[in-house]
Amino acid sequence: KLAAPGMLVGLLPWWLCAWLLASFLLVVLSTFAITCLAPSTAFVKDIYVNLLKPQATEKEVERAIRTVMLILAVAAVIPSMALPPIVAAILWLYAWSVPVSVSLVMGLFWKRSPLASGITWAVAWVANALWSFTGLPAALGVPNLPGIYVVLLISLVLGGILTAVCKGQPGYWTAPRRERAETVGA
């Protein structure tokens, strides 16, 4: 496990090792940042502004996005320290973005419903936490099934049903061009 890093440190100049380490760190940090930024922005714009506080100022929206990012960062870092294998931690972290991605695709090509998205995200995120930190997988007889598949199934099925049932607007690409222009300008 340490052969490659040992070889790099032994053969490369110190400044190149530092540069490589900084590059790897930047990749990890940028991935983590976008993993927190995307759901935070989507939550604040689609749930907070559309459903809870439509008259929110730009400063309030910015503060809400930062608050949600902080909550998501803490919610991701603390449990990931309890997951020993790196692959399990990465899958667990990416499972949080699955319902957001499913809602995004539905909102682009079918129908946009902030209420359906919010409920789907909440249920999928609770399911991810329960799947990761309880004996639920073993009780269901699938102890080795990664939670990301459960979250994907919940996002597709529950998200699809709720999007069909809840009130919303036409999908971005299915709406007439005039409505798309108004959406971008809003």
Side-chain angles (χ1 to χ4, degrees), residues 29-80 89-134 136 146-186:
L29 287 176
S30 69
T31 302
F32 181 73
I34 198 65
T35 303
C36 286
L37 180 62
S40 299
T41 304
F43 175 80
V44 169
K45 295 283 188 174
D46 292 343
I47 307 298
Y48 178 72
V49 173
N50 280 346
L51 298 177
L52 302 175
K53 195 167 184 184
Q55 70 281 7
T57 65
E58 193 62 37
K59 190 169 189 132
E60 289 174 325
V61 170
E62 184 179 319
R63 189 177 313 122
I65 289 173
R66 288 179 179 176
T67 303
V68 174
M69 279 185 68
L70 181 63
I71 291 168
L72 287 178
V74 169
V77 169
I78 290 174
S80 67
I90 290 171
L91 284 176
W92 185 82
L93 183 62
Y94 282 125
W96 291 93
S97 65
V98 168
V100 177
S101 301
V102 169
S103 294
L104 175 69
V105 171
M106 287 183 186
L108 285 174
F109 297 103
W110 180 28
K111 182 178 167 186
R112 292 176 286 162
S113 174
L115 179 62
S117 295
I119 293 170
T120 302
W121 296 358
V123 170
W125 291 343
V126 167
N128 188 31
L130 290 174
W131 198 263
S132 301
F133 301 110
T134 66
L136 185 60
I148 196 165
Y149 296 120
V150 175
V151 171
L152 178 63
L153 181 66
I154 289 170
S155 299
L156 289 171
V157 174
L158 182 64
I161 292 170
L162 288 176
T163 302
V165 172
C166 292
K167 194 167 76 168
Q169 300 171 337
Y172 182 78
W173 293 114
T174 58
R177 177 171 265 176
R178 182 181 71 252
E179 288 181 29
R180 287 199 308 255
E182 291 171 2
T183 303
V184 172

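In this structure, CD on Q55 lies 7.5 Å from CD on E60, to the nearest 0.5 angstrom. Distance check: Y48 OH to F43 CZ gives 10.0 Å after rounding to the nearest 0.5 Å. Taken to the nearest 0.5 Å, the OG atom of S113 stands 8.0 Å off from the CG atom of L162. One distance of note links OG1 of T67 with CD1 of I71; it measures 6.5 Å at 0.5 Å rounding.
Side-chain atoms of I154 and P99, non-hydrogen and from C-beta on, never get closer than 4.5 Å to each other. Annotation: side chain of S103 is in contact with side chain of W121 (closest heavy-atom distance under 4.5 Å). Taking the side chain as every heavy atom from C-beta outward, V61 and K45 approach each other to under 4.5 Å. Taking the side chain as every heavy atom from C-beta outward, W131 and I148 never approach each other to under 4.5 Å. In this structure, the side chains of V150 and N128 stay at 4.5 Å or more apart for every pair of heavy atoms.
A donor-acceptor contact closer than 3.5 angstrom is absent between the side chains of T163 and W110.
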Next item on the list: Give the intermediate values and the outcome of side chain to side chain contact (heavy atoms under 4.5 Å, CB included) for residues T120 and V102.
Entry: CA-CA 10 Å; T120 302; V102 169; over 6 Å; no

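Closest approach of K167 to K111, counting heavy atoms only: C-CE, 4.3 Å. Heavy atoms only, all atoms of each residue included: M69 and L37 are closest at SD-CD1, 3.6 Å. The nearest pair of heavy atoms linking L72 to S40 is CD1-OG, 3.5 Å.
In this structure, the side chain of T174 engages the main chain of G171 through a donor-acceptor pair within 3.5 Å.
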